[in-house]
Amino acid sequence: MTDERYSEEACYVIDSLEQIGSQWRLIVLHDLQDGEKRFNELKRSTDASSRTLSRVLDDLQETGFVDRRLEEESPVATYYSLTPKGESLFPVFDAIEAWAEEWLADEEDGVEAVGSLADS
């Protein structure tokens with residue numbers, strides 16, 4: 001990103017979120033932390049439509065977060081797993097989960113925290 005309105009650090013955050021920031025990308029990346037899965041396993045566990053899941057997996061492959069492996073034995077199966085780049089997100093997910101437990105665990109507290117930020 002070359003927008004002069006943002007600092008270099010902010011640009012890195014924005015660029016990162018553009019690569020992983022969609023709801024479905026995050027769900028698939030998080031789901032693949034458990035290891036390699038077939039397309040239909042991901043479809044069931046994420047509750048994504050076939051079209052959405054296929055698009056998301058293609059995007060994640062293109063950006064280097066996911067590997068695709070085709071097993072041509074009968075029945076043909078396609079497997080997906082995280083690349084080292086995808087696995088490097090584990091601590092990010094852990095940090096987001098810790099943040100969510102602190103700030104969003106109790107819905108009432110989350111509303112109060114958001115409300116207090118809006119008041120500032």
Side-chain angles (χ1 to χ4, degrees):
M1 174 179 251
T2 58
D3 194 326
E4 294 177 12
R5 295 177 295 173
Y6 304 109
S7 69
E8 187 173 340
E9 293 82 14
C11 288
Y12 288 138
V13 171
I14 292 166
D15 289 346
S16 300
L17 290 175
E18 285 177 355
Q19 285 195 13
I20 64 169
S22 82
Q23 171 189 350
W24 288 111
R25 287 180 189 172
L26 289 169
I27 290 170
V28 170
L29 288 167
H30 190 267
D31 203 47
L32 285 173
Q33 287 186 103
D34 296 333
E36 184 179 69
K37 292 190 176 182
R38 293 176 67 162
F39 182 88
N40 285 334
E41 289 177 296
L42 282 168
K43 189 172 178 255
R44 276 191 302 275
S45 62
T46 63
D47 204 27
S49 69
S50 294
R51 182 176 181 192
T52 296
L53 183 58
S54 181
R55 180 183 46 80
V56 167
L57 288 166
D58 287 347
D59 290 346
L60 290 172
Q61 265 187 275
E62 188 177 304
T63 54
F65 288 101
V66 171
D67 274 333
R68 177 178 180 249
R69 179 174 68 87
L70 185 63
E71 195 169 285
E72 296 186 20
E73 296 175 11
S74 186
V76 174
T78 307
Y79 292 86
Y80 296 89
S81 60
L82 294 175
T83 63
K85 182 178 178 180
E87 290 174 350
S88 71
L89 291 170
F90 287 4
V92 175
F93 284 125
D94 290 343
I96 291 170
E97 187 174 316
W99 178 87
E101 286 175 3
E102 180 177 347
W103 293 98
L104 305 177
D106 181 26
E107 196 171 298
E108 226 173 77
D109 288 344
V111 170
E112 287 174 19
V114 170
S116 66
L117 288 175
D119 295 336
S120 348

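Taking CG from L32 and OG from S45, the interatomic distance works out to 8.0 Å, rounded to the nearest 0.5 Å. Rounded to the nearest 0.5 angstrom, L104 CG and E97 CD are separated by 11.5 Å. Distance CG/L57 to CZ/R55: 10.0 Å, rounded to 0.5 Å. Rounding to the nearest 0.5 Å places OG of S50 at 4.5 Å from CZ of F39. Atom CZ of F65 is separated from atom OG of S81 by 14.0 Å, given to the nearest 0.5 angstrom.
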Inset, instruction - Check step by step if side chain to side chain contact (heavy atoms under 4.5 Å, CB included) holds for N40 and R44. - result: CA-CA 6 Å; N40 285 334; R44 276 191 302 275; 4.0 Å; yes
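Across all non-hydrogen atoms, the minimal contact from K43 to A48 is CG-O, 3.4 Å. The heavy-atom pair separating G64 from T83 by the smallest distance is O-OG1, 2.6 Å.
Annotation: side chain of F93 is in contact with side chain of L26 (closest heavy-atom distance under 4.5 Å). For the pair Y80/L60, no side-chain contact is recorded, criterion being any heavy-atom separation below 4.5 Å from C-beta on. R38 places none of its side-chain heavy atoms less than 4.5 Å from the side chain of E71. Between T63 and D59 there is no side-chain heavy-atom pair separated by less than 4.5 Å. Residues Y79 and D67 form no side-chain contact, since every pair of their non-hydrogen atoms from C-beta on lies 4.5 Å or further apart.
With K37 as reference, D31 is the one residue of T46, T78, D31 to meet the side chain to side chain donor-acceptor pair (under 3.5 Å) rule.
No more than 12 heavy atoms of other residues, nucleotides or ligands shown are found within 6.0 angstrom of CG on D47.
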